[in-house]
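Read the structure below first, then the notes.
As the structure is a prediction and not an experimental result, all values here were calculated from the model. Numbering starts at 1 and runs along the sequence shown.
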Amino acid sequence: MASSFNNNSFICVIILLITSFGHVHGCYESIISFGDSLADTGNLIRLSKSNKIVASSVLPYGETFFHHPTGRFSDGRLVIDFIAEGMGFPLVPPYVGVMKNMSRSKNSLRGVNFAVAGATAVDISYLEKRGIKNPATNVSLGTQLEWFKQMLPILCDSPTSCKEFLENSLFLMGEIGGNDYNHPFSQGKSGEDVQSFVPAVISAIGLAINELIELGAQTLIVPGNLPIGCSASYLTIFKNSNKEDYDDSTGCINWLNDFAEYHNQLLQQEIHKLREIHPHANIIYADYYNAAMQIYKSPKKFGFTSTIVACCGGGGPYNYDSKRPCGSPSSNYCDTPSSYVSWDGVHLTEAAYKLIAKGLLQGPYTIPQMNNGLCNKGISDQ
């Protein structure tokens, strides 16, 4: 469970920054999160209409850790949960839940999560002009940023206190951008078409980071894209008999992983530009891709017996069927989620997210590297 928090003291994590201005120590009062279903801790189920069932609102979602659905698209905790726990914070509550329960004292809030499952980095109008629909939500990164700005006067009540709040908050920028590609790929767009979207996606992420820094944010963690070629959903959609398309050692689709690496390359270039514009901001790239690839390449080393077959799904070679998703009456569910990397064919298991989070908090998958210092309690085995 999450550690208790002392309101009279700051919970700290030391960040080793390999930059021109040397070592910077960061102490944080709160976590502010943006993103999509990889980070959503319950916003989508609270935003959805009562007659629309969200997959994450039914079992077996949430079964492993919470023992009931929480709106998280996994069997348990997500990367953001492990980062919060590793820093001694309570789990970060969803924005919609916080706004609906404003009886909670603002002084007791140690973080807010604006991430929404299905959200895109670009505005929905960008995709609609290209004939692409978002079946989950019309929320974009820009929408989430507007929510944050509207909520800021609740989190702090004066220019001085807001400056201190922003400087002493850790901002998690996703993961965001995956759905900008998931939606068009699943709706029949070619790899060449979708690749043309990448600059706009990176620009949207960069603009949001820039705006947060101009508001006063000092430390931001920016995750890259996961290796989508290892996802059971993509493996099902693009299944073919051409052996050259597949990696012999992992079973993943090479060109889709190359696509993810292209996104990550442009994202790191954007981060480099932002560091030059804002030399006193700490912009940390979180290498989700390689943190996950270590598992796909050496699953037994980490206790996994299945990597590209989903634990929960509707059957088929990868146990994924978009017409029979995890949680539907006709879906099936594995006995040991902790031995699987893929949870529902799109999202990962708690066990996989835990390893990714360890790679961020304890190295080596952040640039500059986050050092496991005095205030970083680390991730427990529970």
- Short question: side chain of R275, backbone of I283 - any donor-acceptor pair under 3.5 Å? yes
- Query: Quick check: does any side chain N or O of N264 sit under 3.5 Å from a backbone N or O of N225, one acting as donor and the other as acceptor?
  - Reply: yes
- Item | Flag if over 12 foreign heavy atoms under 6.0 Å of NZ, K149 | yes
- Candidates L78, I32, N113 - the one meeting side chain to side chain contact (heavy atoms under 4.5 Å, CB included) with V92: N113
- Task: Indicate yes or no for a side-chain donor-acceptor contact from E63 to the backbone of D75 under 3.5 Å, with no hydrogens or angles considered.
- Result: no
- Quick one: do F259 and F185 satisfy ring pair (Phe, Tyr, Trp, His ring centres under 6.0 Å)? Show the steps, please. CA-CA 12 Å; F259 179 94; F185 271 130; 5.4 Å; yes
- Should Y246 and N240 be marked as a side-chain contact (heavy atoms from CB on, under 4.5 Å) after you check the CA-CA gap, both sets of side-chain angles, and the distance that decides it? CA-CA 9 Å; Y246 296 85; N240 67 81; 3.9 Å; yes
- Message: Test your reading of the model: is there a side-chain donor-acceptor pair from T143 to the backbone of S140, 3.5 Å cut-off?
- Response: yes
- Between C230 and C252, does a disulfide bond (SG atoms under 2.5 Å apart) hold up when you go through it step by step? CA-CA 4 Å; C230 302; C252 304; 2.0 Å; yes
- Note on the structure: Output for pair (I209 CD1, L274 CG), nearest 0.5 Å, gives 5.5 Å
- Task: Identify the two heavy atoms, one from A55 and one from C326, that lie closest to each other, and give their separation to 0.1 Å.
- Result: CB-O, 4.2 Å
- Query: Going by heavy atoms in the side chains, are I308 and T250 under 4.5 Å from each other?
  - Reply: no
- Item | Exercise: identify the closest heavy-atom pair between F82 and A357 | CB-CB, 3.5 Å
- Message: Angle between ring planes, W255 versus F238, binned at 30° and 60°: parallel, tilted or perpendicular?
- Response: perpendicular
- Nearest non-hydrogen partners of E29 and R110, listed with the distance: O-CD, 3.4 Å
- Query: Distance-only, no hydrogens or angles: does the S186 side chain make a donor-acceptor pair with backbone N or O of H183 under 3.5 Å?
  - Reply: yes
- Message: Looking at Y340, is its backbone amide N or carbonyl O close enough to the side chain of T349 to form a donor-acceptor pair, meaning the two atoms are under 3.5 Å apart?
- Response: yes
- Spatial distance of atom OH (Y95) from atom CH2 (W147) [nearest 0.5 Å]: 6.5 Å
- Taking the side chain from N168 and the backbone from E164, do they hold a donor-acceptor pair closer than 3.5 Å? yes
- Message: Whether the D344 and Y61 side chains hold a donor-acceptor pair (N or O, under 3.5 Å, no angle test) is what I'd like checked.
- Response: yes
- Item | Residue pair R72 / S74, side-chain donor-acceptor N/O under 3.5 Å | no
- May I have the step-by-step check of side-chain contact (heavy atoms from CB on, under 4.5 Å) for L145 and L212, ending in yes or no? CA-CA 8 Å; L145 187 57; L212 284 167; 3.5 Å; yes
- Is the backbone N or O of I45 less than 3.5 Å from a side-chain atom of S48, with the two atoms forming a donor-acceptor pair by type? no
- Can you tell me if S233 and S231 form a side-chain donor-acceptor pair at under 3.5 Å? yes
- Message: Treating Q187 as the side-chain partner and K133 as the backbone partner, does any N or O pair qualify as donor plus acceptor under 3.5 Å?
- Response: yes
- Message: Hydrophobic clustering (ILVMFWY, side-chain heavy atoms < 4.5 Å, transitive) - are L207 and L127 grouped together?
- Response: no
- Query: Should Y353 and V346 be counted in the same cluster of Ile, Leu, Val, Met, Phe, Trp and Tyr side chains packed under 4.5 Å apart?
  - Reply: no
- Is the C162 SG less than 2.5 Å from the C156 SG? yes
- Task: Kindly compute the distance separating CG (N290) from CD1 (I356), expressed to the nearest 0.5 Å.
- Result: 11.0 Å
- Query: Any side-chain heavy atom of E270 within less than 4.5 Å of one from V222?
  - Reply: no
- Would you sort out whether L355 and I295 count as a side-chain contact (heavy atoms from CB on, under 4.5 Å), showing the intermediate values? CA-CA 8 Å; L355 270 173; I295 308 172; 4.0 Å; yes
- Side-chain donor-acceptor contact under 3.5 Å, N179 with N182: yes
- Kindly assign one of parallel, tilted or perpendicular to the pair F73 and H347, based on the angle between their ring planes and the thresholds 30° and 60°. tilted
- Trace of the salt bridge (Lys or Arg N to Asp or Glu O under 4.0 Å) decision for K273 with E276: CA-CA 5 Å; K273 293 176 185 176; E276 290 185 332; over 6 Å; no
- To the nearest 0.5 Å, what is the distance between CD1 (I176) and CG (D36)? 4.5 Å
- Item | Short side-chain to backbone donor-acceptor contact, D123 and Y126, under 3.5 Å | no
- Parallel, tilted or perpendicular: rings of F114 and F34 (30°, 60°): parallel
